[in-house]
Structure formats: C-alpha cells, structure tokens
Amino acid sequence: MKNMAKKQLPTLTLLALMMASPLPAQAELPKPIAKMASFFGIIDAPDEQTVQAGESVPDDESLAQTQDIALDVLDTQPNTLHGIEGLHQGRVPLNAISPNTLKTFVSVIDLVRREYPEQTNDDELFYHAINGMLHKIDSHAEFLDAKAFESLQSFTVGKVADVGVSAVWQERAGHWVVERVIADSPAAKAGIQVGDYLHQIGDVRLSIQQSANDVAQLLNGILGSKVDVTFSKAGRSKLTKTLERTHETQSNIEAMVKGGIIIIKLPVFQANTREQILNGVASAGVPIQGMIIDVRNNPGGVLESAVDVASLFMRNQVVTQVQGRDGIERVMHTTGSPLLDEIPLIILQNRYSASAAEVLSSSLQTQKRALIIGETSYGKGSVQSVIPIADNQAVKITTAHYLTAEGGQIDKVGVKPDLVLNPPQTDKAAPISQDMPAKGASASTSLTDDWLDQALLVMEEGKLAEGIEFAPVGGF
C-alpha cells in the first residue's frame with residue numbers, strides 16, 4: 001500500500017481393486033466388484049446375472065494378457081476450474097495393483113457380508129471402501145455419486161451452505177448442545193434433534209475451548225461439500241453421520257461506507273465477485289479514500305475469482321504459483337487494468353479465511369499492495385480437481401498445491417498478518433443466529449465489531465486526503 005507502507009506499523013508473527021479368487025462356496029461375488037473386475041478384463045461382464053465366486057479365475061497366461069490394459073477412465077481432461085496443463089494425463093497399468101491386495105479386499109467384503117449382524121448393501125460397502133481409501137490419503141478427497149457430482153457443480157459459483165443446525169455451550173452439561181435444527185435440513189434428516197450433544201465436527205473435537213463462531217464455521221462450507229458430525233442423545237452412544245452442506249446461506253458481498261472508507265464483506269469467491277466489488281464501489285455515493293476487504297470466515301471458492309480481485313489492485317503481478325507432482329504447473333498473473341490501484345487497501349482475515357482468500361491475501365502482501373490485519377489464516381493451499389469416471393460419477397481429489405507469489409507454502413502454514421489482532425473473549429453460551437451469514441463476517445459478534453473498528457482506525461492513518469469518485473458511464 002503506497003501511503004500505509006510508510007507508517008511503520010508493528011508487525012507480529014503468529015503464529016486397492018479386484019482379482020477373482022476362490023471364496024467360500026456359499027459366497028457370491030458382490031455385483032459392484034464383479035463389474036469392476038470386468039472393467040479390468042479379469043472376468044466377463046456380469047450384466048444382470050449373478051457371478052459366482054471362483055467361476056472365472058484367470059490363469060497366468062490370461063492374466064498376463066490383461067497387464068497391458070490401461071485405465072481409460074483416468075484419461076480425462078484437466079479440471080476446467082483451474083486449467084492446469086498436464087494434469088490427469090497419465091495412465092495406470094493393471095500390473096500396478098498386487099493380486100494379493102485385490103484378493104484381500106474381496107475377502108474382507110465377503111467376511112462383512114457373512115458375519116456382520118446387520119444386513120449390508122454391496123454397493124454401499126464398495127463406496128465406503130473407495131471413500132475410506134481416498135480420505136486416508138487426502139482429507140479433501142471424496143467419491144461423488146451422480147447426485148453429489150451434480151450438486152458439486154455449484155462450486156463454480158462459490159455458493160456457501162451449512163447443515164442446518166446450531167449449538168450452544170452448556171456449562172452444566174459440559175457439552176455443546178443443539179439449540180436449533182432447521183426442518184428438512186441435512187442435520188434433521190440425520191436424526192439430530194434439539195438437546196443432542198455435539199462431540200466432534202470433522203477432525204475437531206469440541207470442548208469449552210471453542211467459541212460459538214468456531215462451531216458455526218466448522219459446520220459451514222462450500223455448497224455441496226460434506227462434513228462428519230459426531231453427536232449423541234444425552235447418556236447414549238455416539239453416532240457419526242456424514243452431512244452434506246445443502247442449507248444455502250448468504251454468499252453475496254455486502255458494502256458499506258464509513259468516513260470515506262468502503263468496507264467490502266466478502267463471504268466467498270464467486271465467478272462474479274469482481275463485478276460485485278466494482279458495483280459496490282460505484283454505488284458508494286461518496287469519494288473513496290480507502291478500502292477494507294473483510295475475508296474473515298471466507299472458505300475460498302473459485303480460485304480464478306481471487307486472481308480477478310487481485311487484478312483490481314495490481315498490474316501484471318504474480319498472484320500464485322500452482323505446483324503439481326512434477327513441479328510448477330502454472331503461474332497465475334493479474335490481468336487487465338487495475339481500476340482500484342490508487343486506493344489504500346487493508347485485508348481483514350481470521351483463522352477461517354482459507355483457500356482463495358489466502359491466495360488474495362498472500363499476493364497483495366507479497367507485492368506490498370495491502371496491509372493484512374487479523375490472525376494467521378487457515379492454511380488450505382491445495383487444489384481439488386473433480387475427475388469424471390463413469391455413469392455420471394467422479395472423484396474429487398487434491399491434484400496440486402498453490403504457493404505464494406514468491407513460491408512460499410500456504411498449505412498447513414497459512415498467511416501471517418502484518419498486524420496481529422487478538423480476539424476478545426466471547427460468550428460461549430450466546431445463541432447462534434441462523435440468519436447470520438455463514439461466511440460473511442457479519443457484525444453479529446463482538447469479535448467482528450472489535451476487529452473492524454481497529455481496522456478502521458488503522459485505515460484512518462493511511463487513507464487518501466482526497467477521495468476518488470467511481471461513477472463509470474456504461475459500467476466498468
């Protein structure tokens with residue numbers, strides 16, 4: 001930032017698939033496994049007939065002939081969201097999978113079908129196995145059936161959602177207790193009721209250490225994404241359900257002006273975020289002397305949108321580098337005319353600012369174009385690609401990591417602010433409003449108000465003496 005760089009503000013630092021093998025005589029080969037075996041050329045296609053285990057065991061010669069078969073299903077185009085050249089162009093030969101591994105997998109499926117006291121569905125077991133494999137290697141990966149694949153398309157417009165539940169800390173119970181469940185929401189359909197205890201969200205075990213805002217943000221995310229929620233009836237066994245975030249919440253930006261400083265609350269990065277910011281500036285009605293972009297609780301969204309926003313403030317600068325298995329796959333630069341390059345800028349972030357929000361903050365910080373205020377961000381510097389396979393199904397998996405403009409790590413590190421703000425103590429028993437924007441850093445909590453007030457004080461020292469009017473004719 002031109003004016004504010006001279007202020008010498010204090011800087012603190014924070015922080016397996018299938019080969020047919022003899023099974024017990026009474027066991028049938030699960031249909032999904034049989035179909036997969038057919039795909040690999042190990043057995044004939046089962047169609048709608050039941051395949052008996054042991055009926056189509058290939059000899060060594062026939063198995064050797066299959067080893068040259070490649071998985072055409074993985075020969076897909078690069079993810080259109082990121083346009084990274086070279087991704088997903090390799091092929092995986094059949095002989096890369098150990099026959100013993102495949103045999104063990106089928107044996108376990110058969111054991112569950114025979115011994116588990118509750119009746120199981122073969123398709124469900126198979127999908128659980130896929131998801132278990134994916135999640136163990138990549139916490140962001142998941143298998144998408146046709147319905148989930150379709151819903152994930154909303155990611156390109158960056159919509160945000162929650163699971164339709166809110167909770168409060170009850171000292172007497174010593175637990176987070178559900179205070180509200182939205183009718184027909186994912187939480188309601190999973191059997192969560194008012195009065196239930198929440199024990200864990202994702203990988204985070206809940207305790208008195210979290211605030212109401214912490215719990216709300218753990219339950220929120222990109223529309224169509226999923227989160228594991230562990231809950232219980234008081235005094236009963238814990239249950240863990242995977243809930244899809246389908247209860248859509250606020251995702252448009254909010255703009256307001258205080259003393260010539262425009263505050264843009266940016267809840268998520270959508271395809272039209274750049275246009276929303278420009279419209280907010282144009283409708284301010286007063287000359288603009290400074291700008292604060294509030295990305296607290298912003299989970300990310302469309303990566304290219306972050307580049308578009310950075311392009312409003314910098315000309316021909318590196319925003320991020322995308323690193324794949326073989327090194328740097330792509331370097332993303334600002335484009336077009338920086339319409340707001342003369343406006344002093346502050347980025348306000350917190351521990352829940354993630355992904356595309358971190359790309360924006362790190363690029364503006366690296367190029368000394370903005371002052372970053374708040375706390376160290378979440379640290380999600382990975383690119384997830386959605387790779388179609390068959391029957392309208394897909395796999396979402398990490399295919400690359402994005403770095404800062406200078407090549408520094410973001411994943412599991414985050415972006416450290418130039419000026420650290422310490423969050424005040426919040427009332428853990430305060431109700432969570434379902435009307436509060438899920439990711440938009442609404443002025444609904446004392447933390448939000450306090451931090452925003454501090455950011456405004458800092459901007460008062462660095463704002464322009466005379467504001468700039470933005471009243472474009474015919475639009476930007």
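One is the number of the first residue; the rest follow in order along the sequence.
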Next item on the list: Find out whether L339 and R274 are in side-chain contact, i.e. whether some heavy atom of one side chain is under 4.5 Å from a heavy atom of the other.
Entry: yes
Notebook entry, point to check: Can you name the residues that form a side chain to side chain contact (heavy atoms under 4.5 Å, CB included) with I328, not counting sequence neighbours?
Noted result: Q321, Q323, V331, L403
Next item on the list: Would you check if V227 and L218 make a side-chain contact, meaning some heavy-atom pair closer than 4.5 Å?
Entry: no
Notebook entry, point to check: Hey, what do you get for CD1 (I293) to CG (L364), rounding to the nearest 0.5 Å?
Noted result: 7.5 Å
Margin query: Under a plain distance cut-off of 3.5 Å, with no hydrogens placed, do D228 and T240 share a side-chain donor-acceptor pair?
Written below: no
Item checked: Close side-chain approach of L419 and I372, heavy atoms under 4.5 Å -> no
Next item on the list: For I277 and L340, work out which heavy atoms get closest and say how close.
Entry: CG2-CD1, 4.5 Å
Next item on the list: Check ring pair (Phe, Tyr, Trp, His ring centres under 6.0 Å) between H199 and all other residues, then give those that pass, not counting sequence neighbours.
Entry: H175
Next item on the list: Return the minimal non-hydrogen interatomic distance between S185 and G164, and the atom names on each side.
Entry: OG-O, 3.5 Å
Next item on the list: Could you walk me through whether V178 and L198 pass side chain to side chain contact (heavy atoms under 4.5 Å, CB included), step by step?
Entry: CA-CA 7 Å; V178 174; L198 290 186; 3.9 Å; yes
Notebook entry, point to check: Is any side-chain heavy atom of E460 closer than 4.5 Å to a side-chain heavy atom of I261?
Noted result: yes
Notebook entry, point to check: Is any side-chain heavy atom of P338 less than 4.5 Å from a side-chain heavy atom of L312?
Noted result: no
Checklist line | Note: K265-D294 ion pair, threshold 4.0 Å (strictly below) | finding: yes
Checklist line | Least distance between heavy atoms, T273 atom then S305 atom | finding: CB-OG, 3.4 Å
Notebook entry, point to check: A255 and G280: which non-hydrogen atoms are nearest, and at how many Å?
Noted result: CB-CA, 4.2 Å
Check: Is K226 paired with E244 through a side-chain N to carboxylate O contact shorter than 4.0 Å?
Finding: no
Check: Looking only at atom types and distance, does a side-chain atom of Q200 sit under 3.5 Å from a main-chain N or O of G202, one as donor and one as acceptor?
Finding: yes
Notebook entry, point to check: Taking it one step at a time, do Q317 and V319 satisfy side chain to side chain contact (heavy atoms under 4.5 Å, CB included)?
Noted result: CA-CA 6 Å; Q317 296 289 341; V319 177; 5.9 Å; no
Checklist line | Contact summary for W451 and G374, nearest pair of heavy atoms | finding: CZ3-CA, 4.0 Å
Check: Going from CG on L452 to CE on M459, what distance comes out if it is rounded to the nearest 0.5 angstrom?
Finding: 11.0 Å
Notebook entry, point to check: Does any N or O in the side chain of Q210 come within less than 3.5 Å of the main-chain N or O of V215, such that one atom is a donor and the other an acceptor?
Noted result: no
Note to self: Show the nearest heavy-atom pair for residues M291 and V281, with the distance to one decimal.
What the structure shows: CE-CG2, 3.6 Å
Margin query: If only side-chain N and O atoms count, and only distance matters, is there a donor-acceptor pair under 3.5 Å linking T398 with D138?
Written below: yes
Note to self: Determine whether I468 and I343 satisfy the following criterion, side chain to side chain contact (heavy atoms under 4.5 Å, CB included), listing intermediate values before the conclusion.
What the structure shows: CA-CA 8 Å; I468 300 175; I343 302 297; 3.9 Å; yes
Checklist line | T334 backbone acceptor or donor facing R315 side chain under 3.5 Å | finding: no
Margin query: So does A357 get a backbone contact from the side chain of N298, meaning a donor-acceptor N/O pair under 3.5 Å?
Written below: no
Check: Under the 3.5 angstrom rule, does the side chain of E461 hit a backbone N or O of V458 as a donor-acceptor pair?
Finding: no
Check: Quick one: does D411's side chain have a donor or acceptor within less than 3.5 Å of a partner on G381's backbone?
Finding: yes
Check: Do I397 and T399 have side chains that get closer than 4.5 Å, going by heavy atoms?
Finding: yes
Item checked: Atom pair OG1/CG of T335 and N316 - distance to nearest 0.5 Å -> 10.0 Å
Checklist line | F231 side, atom CZ; K238 side, atom NZ - distance, nearest 0.5 Å | finding: 12.5 Å
Checklist line | Polar side chain donor-acceptor pair, D214 to S211, under 3.5 angstrom | finding: yes
Next item on the list: Please round to the nearest 0.5 Å and tell me the distance separating atom NZ of K412 and atom NE2 of H401.
Entry: 6.0 Å
Notebook entry, point to check: How long is the span from the CD1 atom in I410 to the OG atom in S361, to the nearest 0.5 Å?
Noted result: 9.0 Å
Notebook entry, point to check: Under 3.5 Å, side chain of R245 to main-chain N/O of L219, donor-acceptor pair present?
Noted result: yes
Notebook entry, point to check: Between the main-chain N or O of E275 and the side-chain N or O of N279, is there a donor-acceptor pair closer than 3.5 Å?
Noted result: yes
Margin query: Under 6.0 Å between ring centres: does that hold for Y352 and Y378?
Written below: no
Item checked: Flag side-chain contact, heavy atom, 4.5 Å: I262 against I292 -> no
Margin query: With a 4.5 Å cut-off on side-chain heavy atoms, are V322 and M332 touching?
Written below: yes
Check: Are Y402 and S382 close enough that a side-chain donor and a side-chain acceptor fall under 3.5 Å?
Finding: no
Check: Without hydrogens or angle criteria, can the side chains of Q349 and E358 be said to hold a donor-acceptor pair below 3.5 Å?
Finding: no
Notebook entry, point to check: Do T366 and T404 have a side chain donor and acceptor closer than 3.5 Å?
Noted result: no
Notebook entry, point to check: Is there a side chain to side chain contact (heavy atoms under 4.5 Å, CB included) between L421 and E375 once you walk through the steps?
Noted result: CA-CA 6 Å; L421 300 180; E375 61 186 346; over 6 Å; no
